[in-house]
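Residues: numbered from 1 along the sequence shown.
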Amino acid sequence: MTTPIRRLPGRIPGWAKALTAVVVVLAVLFAGVRLSVLPGLKDLFGTETQDRSGPALLESIQDISRYDAATGNFQVVVDLEKDARFLPDAVRGSRTLYVGAGTVDAYVDLGKLGKDDVQVNEDRTSATLRLPHARLGAPALDPERSYAVSKQRGLLDRLGDLFSDNPNSEQAVQKLAVRHIGDAAKESGLTARAESNTTGMLEGLLRSLGFKKVEVAYGD
């Protein structure tokens, strides 16, 4: 009786094994760089940064008639946490500690003065000015003094960064930092300081022009 011959499964060629190993190594390196689990891999290939940006284009020019009379420097620590329902933080969720530093200007808009807001006597020795109240400018976040202290992300968030064009975006914490800095500026008395500085500036200027009496008042 003839015994049937069993055919052994074909062996994987050597070149296929080598190609598979290269693909696996590259995948591990890529994941390590994006997930920051293997320190030092970002500089493994000696990357070089080049600025290929085009020239900045002037879109518009706006005349400014305001007098910036005071500037406040602020710093805030933003603690932003995002959780997912029914999933532990290790799987889905993030928490970012961010130090935001920025400035807010307080100004008096001299461009709103009308002809009745400046009164001068006949011999030009006395002047009375009525100015609008000082206002706060938009908070300006300083990128040189703002930084992320720590970032904690779940597994799904880390995997999502692999396919994101803007991984680890700090836009949310930056917006919160700007909002908190703006709120702090409102409570800081910065506008009162700006009005005091503006009064001192105008008194010094008009007295140097020969005015002996200068009165400055504020009101909308």
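Counting all heavy atoms, side chain and backbone alike, R145 lies closest to G102 at NH2-N, 3.9 Å. Of all non-hydrogen atoms in T191 and A134, the two that sit nearest each other are O-CB, 3.5 Å. In this structure, Y98 and Y147 approach most closely via the heavy-atom pair CD1-O, 3.4 Å. Between D117 and K112, the shortest heavy-atom contact is OD2-O, 3.9 Å. When all heavy atoms are compared, the tightest approach of P143 to L141 is CD-O, 3.3 Å. Considering every non-hydrogen atom in both R66 and D68, the closest pair reads NE-OD1, 3.1 Å.
A distance of 7.5 Å separates OG of S196 from OH of Y218, quoted to the nearest 0.5 Å. In this structure, CD1 on I181 lies 11.5 Å from OG on S188, to the nearest 0.5 angstrom. Annotation: the span from L209 atom CG to F211 atom CZ amounts to 6.5 Å, rounded to 0.5 Å.
A donor-acceptor contact shorter than 3.5 Å is absent between the side chain of T71 and the backbone of D105. Judged by distance alone, with hydrogens and angles left aside, the side-chain atoms of N197 form no donor-acceptor pair with the main-chain N or O of A194 at under 3.5 Å.
Hydrophobic clustering of Ile, Leu, Val, Met, Phe, Trp and Tyr side chains at less than 4.5 Å, counting indirect connections, keeps L205 apart from Y67. Placement of V104 and Y107 in two distinct hydrophobic clusters is found when ILVMFWY residues are connected by side-chain heavy-atom separations under 4.5 Å, directly or transitively. Under the 4.5 Å side-chain heavy-atom criterion for Ile, Leu, Val, Met, Phe, Trp and Tyr, V173 and V76 are members of the same hydrophobic cluster.
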Please lay out, stage by stage, how V108 and M201 fare under the test side-chain contact (heavy atoms from CB on, under 4.5 Å).
CA-CA 12 Å; V108 176; M201 181 273 295; over 6 Å; no

Check the pair V149, V99 against side-chain contact (heavy atoms from CB on, under 4.5 Å), reporting the backbone distance first and the verdict last.
CA-CA 7 Å; V149 178; V99 175; 3.5 Å; yes

For T198 and V216, what are the C-alpha separation, side-chain angles and deciding distance, and is it a side-chain contact (heavy atoms from CB on, under 4.5 Å)?
CA-CA 9 Å; T198 303; V216 180; 5.9 Å; no

Output a table of donor-acceptor pairs, distance under 3.5 Å, between side-chain atoms of residues 125-133 and any protein atom two or more places apart or on a different chain; print 'none' if there are none.
{"unit_1": "T125", "atom_1": "OG1", "unit_2": "N121", "atom_2": "ND2", "d": "2.9"}
{"unit_1": "T125", "atom_1": "OG1", "unit_2": "D123", "atom_2": "OD1", "d": "3.0"}
{"unit_1": "T125", "atom_1": "OG1", "unit_2": "D123", "atom_2": "OD2", "d": "3.4"}
{"unit_1": "H133", "atom_1": "ND1", "unit_2": "E195", "atom_2": "OE2", "d": "2.9"}

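Proximity of L176 to R179: side-chain heavy atoms (C-beta onward) are separated by under 4.5 Å at one or more points. Proximity of P139 to F74: side-chain heavy atoms (C-beta onward) are nowhere separated by under 4.5 Å.
Remark: Q50 CD is packed, more than 12 non-hydrogen atoms of other residues, nucleotides or ligands lying under 6.0 Å away.
Annotation: side chain to side chain contact (heavy atoms under 4.5 Å, CB included) contacts of R207 (sequence neighbours excluded): E203, V214.
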